[in-house]
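From a predicted model like this one, the values you see are computed outputs, not experimental measurements.
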Amino acid sequence: MTNRSDGMRYAPKGKPNPVVKPGEFCFAAMALDHGHIYGQCNGLIEAGGTLVKVWDTEDERLEHFRKTYPSAEVVRDPRAILEDESIRLVAAAGIPNERAPLGLEVMRHGKDYFTDKCPMTTLEQLDQVRRAVADTGRKYMVYYSERLHSESGVFAGDLVQDGAIGRVIQVIGFGPHRLGAAGRPKWFFERERYGGILTDIGSHQIEQFLFFTQAKDATILYSRVANYDHPDYPELEDFGEVALLGDGGASGYHRVDWFTPDGLRSWGDGRLFLIGTSGFIEVRKYIDLASDYEQGDVVLLANSAGEKRFEVSGKVGFPFFGRLICDVLERTETAMTQEHAFKAAELSLQAQAQALRT
């Protein structure tokens, strides 16, 4: 289901790299409202996870899901998953404002939860989830796919960790998406349900800022949202931007929008620029614009050693998923800390709440 022209149905596939034997890590899928559930399941299966059950409210979505994952048993009652002690983790991609309530229920039943971004739509929901994590000891992990399921994003992280550009002092990220309004569900255009553009796709950008700068917290300096060109959808925000300052002094600027033109081969020309004290990196995630290179996942590096271009599609893999499985089994935090996942959400929600509306 890898579809580079449709962001809602874009589900990367990598090379299998199992960290467990078949049947050692059973998981289930619930709430198939967003196509990202396929990316979540692909990553877990490639890491050795066994998808055993699926639940959703719509037969058409279940039928399509079963065609992709025929081994998953369709259940009509969510309790068949929640009360199954063999299931360690639930992956879900529900309507954004329903993700936290489902996660609370999953954690109350003693299971870890792996939700699509945005993980919640209000600061009140975030407070509820934080308390539930503390009370239950369960994990509430988030599929920030623009870094975790991007080989160029993973490779850029390795370069930064290896000191290729020194200390990162600024992150600039662009997250354009193709709207494809005719194929979107009704909830996609209802602000209370999708949470706003900075809460939703803006959360990818803020998560990357925190990761690449190693910031534990940040201050929102400025944020703005707008509906420039979609009067038929008055609650849609088709443009958003945010500037922030990390607690270590690094700055960030991020723009997200729904203006990818139909002529672009990809659903969005996602770009990331990392400026360091001794070099810089550009990441071209999904397309190398106006070139014959079809794969995307291009990383450009300039430092004291010179200039280098890396074409990394199919060469890096997606280590997050194997680490997540091991974290669930061993109760560690090697894939992503819980506080990092929550902080990215918190800052996204703050940016949305204080955004200037133009």
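Side-chain contacts under 4.5 Å among hydrophobic residues (ILVMFWY), followed directly or transitively, place I169 together with I172, F174, Y253, F273, I275. Taking a 4.5 Å side-chain heavy-atom cut-off between Ile, Leu, Val, Met, Phe, Trp and Tyr, the cluster of F259 extends to Y228, F239.
Using a 3.5 Å distance cut-off with no hydrogens or angles, the side chains of E124 and Q128 do not pair a donor with an acceptor.
Under the salt bridge (Lys or Arg N to Asp or Glu O under 4.0 Å) criterion, the residue pairs touching residues 133-147 are D112-R138, R147-E207, with sequence neighbours excluded. Note on residues 71-106: no pairs pass ring pair (Phe, Tyr, Trp, His ring centres under 6.0 Å), not counting sequence neighbours.
S278 meets the side-chain contact (heavy atoms from CB on, under 4.5 Å) test with no other residue; sequence neighbours excluded. Residues that satisfy the salt bridge (Lys or Arg N to Asp or Glu O under 4.0 Å) test with E339, not counting sequence neighbours, are R130. Taking the salt bridge (Lys or Arg N to Asp or Glu O under 4.0 Å) definition, one finds that E46 meets it with nothing, sequence neighbours left out. The salt bridge (Lys or Arg N to Asp or Glu O under 4.0 Å) test applied to R131 returns no partner, not counting sequence neighbours. Legend: residues meeting side-chain contact (heavy atoms from CB on, under 4.5 Å) with S223, ordered by chain and number and at least two apart, are L198, I220, V242, A351, Q354, A355. Evaluation of the salt bridge (Lys or Arg N to Asp or Glu O under 4.0 Å) rule for E85 yields no partner, not counting sequence neighbours. Judged as a side-chain contact (heavy atoms from CB on, under 4.5 Å), and not counting sequence neighbours, the contacts of R309 are R284, D288, Y293, V298, L300, E311. With sequence neighbours excluded, the residues satisfying side-chain contact (heavy atoms from CB on, under 4.5 Å) with A345 are P119, M120, Y144.
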